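Structure first, then comments.
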Amino acid sequence: MHQPVGKLLLFGATGDLAQRMLLPSLYALHADGLLPAGLTITGTARSDKDDASFRDFARAALDEFLPSDRQDDSAVASFLERLSYQALDASTLEGFDSLKEKIGDISGGLAIFLSTAPRLFGPTIKGLESAGLTGANVRIGLEKPLGRDLESSREINDIVAQAFPEDRTFRIDHYLGKETVQNILALRFGNSLFEPVWNAQGIESVQITVSETVGLEGRAGFYDETGALRDMVQNHMLQLVALIAMEPPARFDGTAIRDEKVKVFRSLRRIDAGDVPTLTVTGQYGGGAVKGEIVRDYATDLEKGSTTETFVAIKAHVDNWRWHGVPFYLRTGKRLAERRSEIVIQFRPVPHSIFAERGGALKPNQLVIRLQPEEYVRLLVMAKQPGLDREGVRLREVPLNLSLENEFAGTRRRIAYERLLLDLIEGDPTLFVRRDEVEAQWEWIDGIRAGWEANDVKPKPYASGSWGPSASVALTERDGVTWNE
Ligand code: BG6
């Protein structure tokens, strides 16, 4: 079924993602003996490098971004031997023949990883075609951004589809490579406990927070044209919504799982211009202190004024039987109080409390799935406080804690890209995003953006180091719900 390839071709091989993620991930797979034995890795980018200087570049990236206990001299040396480099200006056809020559025989299969500016997608695909690098044994992995709205995403998808049919196109959302994100599937579908209450009868609301402490991180131009909605909600956060809200798939494979996810995206209630003021909040960070460090406001970081949102909160609905009337509160932003990705499932209260007359107060159960930086699942349940109860029954909310770090203490946590690169090399599409998913995601996002434009929405300032603008608190408090902070 899945067929490993013998060659890997990396576009954008000298970029930031390659240094921080791709090269360290490939090295880790190599060091653990997980890469096909003869797999060669050809890097390409505009920079004028040869094999030797690309290997130096890769070694420097490993030095900087791999924890020192993972660096093994002989493994690094044998990893570097897999690497070669061909400089290429992907905007013209010239050069693709030399690239092909450099890669050599691809009869054993080729996987391409494209992490370049979107404007280069078209010329790159044309170049690959002209050089005969798009045949039936070639598959392509695409890194975001895949468009900035439905229309541009369709254009990109069309360009790619001319050369690569859907079953050979692997769209990356690195959140799907995260262990704890995949664990949502294990939790929901590997246990019989949750499913009977995993619906509007059992659940009152869902919160998803992806907060970051970082600011622009040297990508001011890109970020300012993108904003938090496109950068984080369209992809990562909606994937989390889908994994929480999807129906049980029949099997663990790319078709069954993605069929169920796309149904969730298509069930998202459209947020129209009239709903935007009550269902969405946008913000932009001001100056402040994050983790004790004084930081500057967005406009100063950017060196110009801007109306791009660095924070967004949304009250969403999945309009189907299972989720009828259950709000999904989403929020994400830069320069917030903490780095945290977390899902909070708020269950409904018990229908009748037997403790009320004895003074015992109950809190509805809550399930907290912490994806990062810690990895745990915590179920908050009511317990009786020890005592003789002369002054009434005392109940307290206590956590049932499942720390994945402790339970799997002996197992190394892998970078999300390790999983995704290996799946690309081996040809398993399950954790990649299908075209219909991306387009359904954009459709919903475009509706929100159109609503912002129609209402001339400007982001509200918030202090760096806070949890965003106060309007985001109001978004949930209006419904009697408090963000988990
Ligand atoms: C990327 C966004 O997709 O995800 C970045 O472009 C963001 O802006 C990053 O910082 C967050 O990823 P992670 O894995 O650190 O949560």
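In this text the structure is predicted, and so the values were computed from the model without any measurement. Both counts, for ligands and for their atoms, begin at 1 and track the order of listing.
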For this session: For the pair D275 (side chain) and D272 (backbone), establish whether a donor and an acceptor sit closer than 3.5 Å, ignoring hydrogens and angles.
Result: yes

For this session: Output the set of protein residues with a heavy-atom contact under 4.0 Å to ligand 1, ordered first by chain identifier and then by residue number.
Result: K144, H174, Y175, K178, E212, R219, D231, M232, H236, K334, R339, Q372

For this session: Apply ring pair (Phe, Tyr, Trp, His ring centres under 6.0 Å) to F11 and list each qualifying residue two or more places apart in sequence or on a separate chain.
Result: none

Problem set entry | With sequence neighbours excluded, residues passing side-chain hydrogen bond (donor to acceptor under 3.5 Å, both in side chains) with Q162 | none

Problem set entry | Counterpart residues, side-chain hydrogen bond (donor to acceptor under 3.5 Å, both in side chains), relative to R230 (two or more places apart) | none

For this session: Might you point out which heavy atoms bring R168 and V138 nearest each other, and give the distance in Å?
Result: NH1-O, 2.7 Å

Problem set entry | Crowding at CZ, R46 (>12 non-hydrogen neighbours, <6.0 Å) | no

